[in-house]
Amino acid sequence: GMTNKGKLWWAKVAVVAGAIPILIWAHDYGPDPGKNGVPGESNCTESNCHVGTALNGGLGSVAVTFPGGLTYVPGIKQHLAVTISDPTERKAGFQLTARQSGNTKAQAGTFKSTDGFTLVMCSDLTTLQIIQELDYPNSQTCGSREPLSYIEHNLAGASRPISTGIESYEFDWYPPSSDVGNVTVYVEGNGANGDGTERGDHIYSKTYTLTPASACPAGDSAPTIAAGQISNGASYQPGMVPNAWLQIKGANLTKATDTWANAV
């Protein structure tokens, strides 16, 4: 869908006095594209987003958990978690994107929601307007005309009650299929007070730099199993049967060697 001017992080309701019916406008997702601190873009401490507090001015933080540490293997999916912590928050949201560190206009990989609490937005390179909104569980791959991809909370995610001052969102990131050098992940989180306005909320920003890693450690070769060399460990007959020892012959299966003498 196309963007709506004045789109805010949280849904709002306006009541018009007199005989005019109640008017409702609801945006079931967070900020417009480009609100997570990418150089040349913006963040969400401004008009039509959240105002009144400085960036990182609250008592909390936003953090991303990377399962493999600050590295990526080209084309290998990572399941990320964004955690927004703030002692005063009653609602929480986020926006995250990944770019090639050498070119902030070069998208680094794609995102996919893994539950009904996030969605993906696609934007062009210049206007940062919403070209596509891609909801779970539908395809969330951005087209060539809108190569910038952002993942953020939706209405269902932002509506979850918070009692501990901590909220998390999880989703998958698919790194570029080839080594593009370092990748920078930009994330902003909102620790909102839940009063239905943009004021008094806390916006937190953080960046992470991930370095490319090969599927095998440097200098190692991928393991291989020789053709027909899986056999019974007692009879040495080829094939596998349940509840039996196996003998596997190949190359680069392990760096360590041992003998049966050390078996317990």
Side-chain angles (χ1 to χ4, degrees), residues 33-34 36-41 43 56 61-85 94-115 117-123 125 134 136 139-144 146-153 168-189 204-227 229-230 248-258:
N36 54 12
V38 176
E41 296 184 18
N43 56 56
N56 294 319
S61 63
V62 63
V64 182
T65 301
F66 298 91
L70 295 181
T71 64
Y72 73 93
V73 177
I76 302 300
K77 176 183 72 177
Q78 293 194 30
H79 188 69
L80 307 187
V82 174
T83 301
I84 307 98
S85 304
F94 80 102
Q95 187 183 92
L96 179 145
T97 193
R99 305 288 172 83
Q100 297 180 26
S101 296
N103 180 4
T104 59
K105 289 295 186 182
Q107 182 70 30
T110 60
F111 304 106
K112 184 177 181 181
S113 300
T114 53
D115 56 35
F117 298 135
T118 63
L119 59 74
V120 171
M121 290 192 305
C122 307
S123 171
L125 293 170
L134 306 175
Y136 172 88
S139 171
Q140 294 179 298
T141 301
C142 296
S144 59
E146 51 277 344
L148 299 183
S149 177
Y150 306 79
I151 189 164
E152 61 181 45
H153 66 276
S168 293
Y169 291 88
E170 297 187 16
F171 51 89
D172 288 339
W173 173 54
Y174 292 80
S177 58
S178 60
D179 183 345
V180 295
N182 290 355
V183 166
T184 302
V185 173
Y186 301 85
V187 62
E188 288 201 1
Y204 301 102
S205 182
K206 195 165 185 178
T207 61
Y208 297 85
T209 299
L210 279 62
T211 58
S214 63
C216 295
D220 288 357
S221 299
T224 59
I225 297 174
Q229 292 301 311
I230 299 179
I248 301 174
K249 294 183 179 180
N252 306 311
L253 300 180
T254 180
K255 288 184 176 181
T257 59
D258 211 338

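Index from 1, following the sequence. Values in this document were obtained by computation on a predicted structure and should not be read as measured data. Basis for what follows: all heavy atoms, side chains included, without hydrogens, waters or symmetry-related copies.
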Could you give the side-chain donor-acceptor pairs of residues 70-78 under 3.5 Å, partners two or more places apart or in another chain?
residue: Thr71; atom: OG1; partner: Gly68; partner atom: O; Å: 3.2
residue: Tyr72; atom: OH; partner: Val180; partner atom: N; Å: 3.3
residue: Tyr72; atom: OH; partner: Gly181; partner atom: O; Å: 2.6
residue: Gln78; atom: NE2; partner: Thr71; partner atom: O; Å: 2.9

Task: Derivation and outcome, side chain to side chain contact (heavy atoms under 4.5 Å, CB included), residues Leu96 and Tyr169 - done: CA-CA 11 Å; Leu96 179 145; Tyr169 291 88; over 6 Å; no
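Looking at heavy atoms from C-beta onward, Ser205 lies in side-chain contact with Asn56 at the 4.5 angstrom threshold. Counting only heavy atoms from C-beta outward, the side chains of Thr97 and Gln107 approach each other to under 4.5 Å. In this structure, Pro175 and Val183 have side chains that are not in contact, with every pair of non-hydrogen atoms separated by 4.5 Å or more. Looking at Val64 and Trp173, their side chains never come closer than 4.5 Å, going by heavy atoms from C-beta outward. Looking at Pro67 and Leu80, their side chains come closer than 4.5 Å, going by heavy atoms from C-beta outward. A heavy-atom distance below 4.5 Å is found between the side chains of Val185 and Phe66.
Tyr208 and Ala63 make their closest contact through OH-CA, 3.3 Å (heavy atoms, listed as atom of the first residue, atom of the second, distance). The shortest heavy-atom contact between Glu146 and Cys122 is CG-CB, 3.6 Å. When every heavy atom of Ser149 is checked against every heavy atom of Val120, the shortest pair comes out as OG-CG1, 3.6 Å.
If you take OG1 on Thr141 and OH on Tyr174, they are separated by 9.5 Å, rounding to the nearest 0.5 Å. Atom CD1 of Ile84 sits about 7.0 Å away from atom CZ of Phe94, to the nearest 0.5 Å. Atom CD of residue Glu188 and atom NZ of residue Lys206 lie 13.5 Å apart, to the nearest 0.5 angstrom.
Scanning for side-chain hydrogen bond (donor to acceptor under 3.5 Å, both in side chains) contacts around Thr83 gives Ser168, with sequence neighbours left out. By the salt bridge (Lys or Arg N to Asp or Glu O under 4.0 Å) test, Glu41 is found to be paired with Arg99, residues two or more places apart in sequence or in another chain being considered. Applying the side-chain contact (heavy atoms from CB on, under 4.5 Å) criterion to Ser113, with sequence neighbours excluded, gives Thr118, Tyr136, Gln140, Ile151.
The aromatic rings of Phe111 and Phe171 sit perpendicular, their planes meeting at an angle over 60°, well past the 30° parallel limit.
The salt bridge (Lys or Arg N to Asp or Glu O under 4.0 Å) contacts involving residues 102-115 comprise nothing, where partners must be two or more places apart or lie in separate chains. Legend: salt bridge (Lys or Arg N to Asp or Glu O under 4.0 Å) pairs involving residues 174-184, not counting sequence neighbours: none detected.
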